[in-house]
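Before any comments, here is the structure.
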Amino acid sequence: MKNSITSLFNIKYPIIQAGMVWCSGWRLASAVSNAGGLGIIGAGSMYPEVLREHIQKCKQATEQPFAVNVPLLYPNIQEIMDVLAEEKVKIVVTSAGNPATWTSFLKEKGMTVVHVIANTKFALKAQQSGVDAVVAEGFEAGGHNGREETTTLCLIPMIKAAVNIPVIAAGGIASGKAMLAAFALGADAVQIGSAFAVAEESSAHPNFKEKILSSTEGDTKLRMKKLVPVRLLKNEFADAVAQAEANGASTEELAALLGRARAKLGMFEGDMQEGELEIGQVSAMLSDVKPAAIIFNEIWEEFLVEKEKLEKLKF
């Protein structure tokens with residue numbers, strides 16, 4: 001398939017794997033890239049030298065393009081950017097911050113830059129900063145999310161109408177049917193996180209994968225809107241956050257409750273009660289652990305089948 005995104009990234013299919021904290025190391029990124037999509041290393045959980053190791057191993061595991069996701073709010077951001085430049089990373093997906101701060105630096109190094117947004121205002125700011133594309137992430141998505149709670153169904157057409165750069169849809173997409181719906185809304189590609197979080201190559205702890213697969217409708221909620229909005233699976237920690245928010249906890253109190261390394265404790269180390277478990281609403285639709293290539297191919301094949309069905313419909 002050829003379109004603006006496959007041409008921009010030099011990939012075969014318009015399917016991008018999300019850069020998920022504690023889930024998307026070099027194994028997952030290279031597997032998705034080898035399947036024909038764009039794999040992404042999630043730098044959010046990595047010290048600079050750990051990131052360098054993952055980039056180097058990804059280069060050895062695939063000859064296909066891959067990217068690195070960088071949350072811009074991290075304190076060691078300069079070191080991270082230096083690693084990207086030194087390792088000659090070709091595609092960077094920035095998130096959780098102002099893209100104007102680093103886009104010029106990355107573009108000067110010859111990198112393609114994509115920024116994650118959740119509303120029209122920031123999509124326009126990203127475009128003005130010079131990014132090559134945006135990921136429009138709806139309210140259904142896991143991890144850090146938009147305060148506006150705009151769903152993917154509403155967000156994609158609004159962003160597509162507002163900008164003149166390619167739009168990648170994210171949030172609630174884990175099937176070919178959902179991918180086709182995103183394209184109908186105007187998306188040029190889809191970004192998929194939760195479905196790849198349970199891939200064999202995902203670095204998520206087996207306990208977390210099992211928790212995802214056993215989740216049902218309504219088991220995730222958007223929490224910590226005073227701090228940094230994040231969608232979490234229900235557990236003791238999430239219940240404590242909900243109670244604190246109901247009691248009117250301040251930003252400082254929520255930060256103290258979150259503490260340090262809470263996400264690592266849950267998603268990487270496997271504490272399903274006290275850990276922070278970031279995943280999307282679509283987790284309720286996932287049923288088993290598979291190799292990333294199989295997940296990828298199932299989504300693409302279903303997309304083609306459903307597309308053909310629609311083309312045959314007579315209205």
Side-chain angles (χ1 to χ4, degrees), residues 1-20 22-42 54 57-69 90-91 93 114 116 133 135 137 140-143 152 166-184 187-204 208-209 212-213 279-309:
M1 180 175 180
K2 283 290 183 183
N3 70 0
S4 58
I5 285 294
T6 58
S7 298
L8 179 65
F9 297 147
N10 192 28
I11 56 178
K12 292 181 180 179
Y13 309 108
I15 299 175
I16 290 89
Q17 164 241 314
M20 300 166 286
W22 298 113
C23 295
S24 49
W26 68 269
R27 290 182 178 85
L28 180 58
S30 61
V32 172
S33 289
N34 283 332
L38 183 71
I40 299 182
I41 296 171
H54 277 261
K57 287 184 176 180
C58 200
K59 288 177 181 177
Q60 295 171 357
T62 183
E63 296 180 352
Q64 304 305 316
F66 66 91
V68 175
N69 170 249
K90 295 180 180 179
I91 306 169
V93 180
V114 182
V116 182
V135 174
E137 188 172 71
E140 301 93 329
T152 304
V167 175
I168 301 165
I173 302 168
S175 66
K177 290 179 180 179
M179 180 178 174
L180 184 59
F183 271 77
D188 301 287
V190 294
Q191 178 178 279
I192 296 172
S194 299
F196 286 124
V198 295
E200 286 184 2
E201 297 88 345
S202 164
S203 49
F208 182 38
K209 293 181 183 180
I212 294 169
L213 297 177
I279 204 71
Q281 286 184 334
V282 79
S283 59
M285 298 174 63
L286 305 175
S287 57
D288 53 4
V289 175
K290 305 173 187 175
I294 290 179
I295 295 169
F296 188 100
N297 290 333
E298 286 178 349
I299 292 170
W300 178 248
E301 290 300 322
E302 184 179 80
F303 170 80
L304 294 178
V305 169
E306 296 302 321
K307 178 175 176 289
E308 185 176 357
K309 286 181 183 178

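Numbering of residues begins at 1 and proceeds along the displayed sequence. Any value given below was found using the heavy atoms of this structure, including those in side chains, with hydrogens, waters and symmetry copies removed.
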Exercise for review: Would you mind checking if Lys290 and Glu298 are paired as a salt bridge, meaning a charged N to carboxylate O distance below 4.0 Å?
Suggested key: yes
Check your understanding: Which pair of non-hydrogen atoms, one from Tyr13 and one from Ala35, has the smallest distance, and what is that distance?
Key -> CE1-O, 3.7 Å
Check your understanding: side chain to side chain contact (heavy atoms under 4.5 Å, CB included) between Trp22 and Phe208: does it pass, once the steps are laid out?
Key -> CA-CA 11 Å; Trp22 298 113; Phe208 182 38; over 6 Å; no
Review point. Do Lys309 and Val305 touch side chain to side chain, with heavy atoms closer than 4.5 Å?
Key: yes
Exercise for review: Go through Val135 and Val114 one step at a time and tell me if the side chain to side chain contact (heavy atoms under 4.5 Å, CB included) criterion holds.
Suggested key: CA-CA 7 Å; Val135 174; Val114 182; 3.8 Å; yes
Practice item. Write down the atom of Leu28, the atom of Ala199, and the distance for their closest heavy-atom approach. Key: CD1-CB, 4.0 Å
Check your understanding: Just by distance, do the side chain of Thr152 and the backbone of Gly171 share a donor-acceptor pair under 3.5 Å?
Key -> yes
Review point. Yes or no on side chain to side chain contact (heavy atoms under 4.5 Å, CB included) for Gln17 and Phe296, after CA distance, side-chain angles and deciding distance?
Key: CA-CA 9 Å; Gln17 164 241 314; Phe296 188 100; over 6 Å; no
Review point. Under 6.0 Å between ring centres, would you say that holds for Phe183 and Phe303?
Key: yes
Check your understanding: Hey, does the side chain of Thr6 reach the backbone of Met1 with a donor-acceptor pair shorter than 3.5 angstrom?
Key -> yes
Exercise for review: Enter the distance from Ile192:CD1 to Ile173:CD1 here, rounded to the nearest 0.5 Å.
Suggested key: 6.5 Å
Point to revise | Under 3.5 Å: donor-acceptor pair, side chain of Ser30, backbone of Trp26 | key: yes
**Study point:** Heavy-atom check, side chain of Ile15 versus side chain of Val190, under 4.5 Å
**Key:** yes
Check your understanding: Between Ile11 and Gly37, what is the shortest heavy-atom contact and its length?
Key -> CG2-O, 3.5 Å
Practice item. Return the minimal non-hydrogen interatomic distance between Val289 and Glu200, and the atom names on each side. Key: CG1-CG, 3.7 Å
Review point. When you look at NZ of Lys90, are more than 12 heavy atoms from neighbouring residues, nucleotides or ligands closer to it than 6.0 Å?
Key: no
Check your understanding: Are the side chain of Lys209 and the backbone of Ser202 linked by a donor-acceptor contact shorter than 3.5 Å?
Key -> yes
Exercise for review: Kindly give the heavy-atom pair with the smallest separation between Ala169 and Ala182, and that separation in Å.
Suggested key: CB-CB, 3.8 Å
Review point. In Å, rounded to the nearest 0.5 Å, how long is the span from OG of Ser175 to CG of Leu286?
Key: 10.0 Å
Check your understanding: Distance from Ser24 atom OG to Ile40 atom CD1, nearest 0.5 Å?
Key -> 8.0 Å
Practice item. With the side chain counted from C-beta on, respond yes when Glu306 and Met179 share a heavy-atom pair under 4.5 Å apart, and no when they do not. Key: no
Exercise for review: Give a yes or no answer on whether the side chain of Glu140 reaches the backbone of Gly172 with a donor-acceptor pair at less than 3.5 Å.
Suggested key: no
Point to revise | Under 3.5 Å donor-acceptor, Ser7 side chain and Asn3 backbone | key: yes
Practice item. Start with the C-alpha gap between Asn69 and Ile41, add the side-chain angles, then the distance that decides, and say whether side chain to side chain contact (heavy atoms under 4.5 Å, CB included) holds. Key: CA-CA 6 Å; Asn69 170 249; Ile41 296 171; over 6 Å; no
**Study point:** Side chains of Met20 and Ser194 in contact at under 4.5 Å (non-hydrogen atoms)
**Key:** no
Point to revise | Under 3.5 Å donor-acceptor, Ser33 side chain and Pro65 backbone | key: yes
Exercise for review: Report the distance from atom CG of Asn34 to atom NZ of Lys12, rounding to the nearest 0.5 Å.
Suggested key: 9.5 Å
Review point. Considering only heavy atoms from C-beta outward, does the side chain of Phe196 approach that of Val32 to under 4.5 Å?
Key: yes
**Study point:** Note, Ile5 side chain near Ile16 side chain (heavy atom, < 4.5 Å)
**Key:** yes
Review point. About how many Å separate CD1 of Ile299 and CG of Leu180, when rounded to the nearest 0.5 Å?
Key: 13.0 Å
Review point. How many angstroms lie between CZ in Phe66 and CD1 in Ile91, if you round to the nearest 0.5 Å?
Key: 9.0 Å
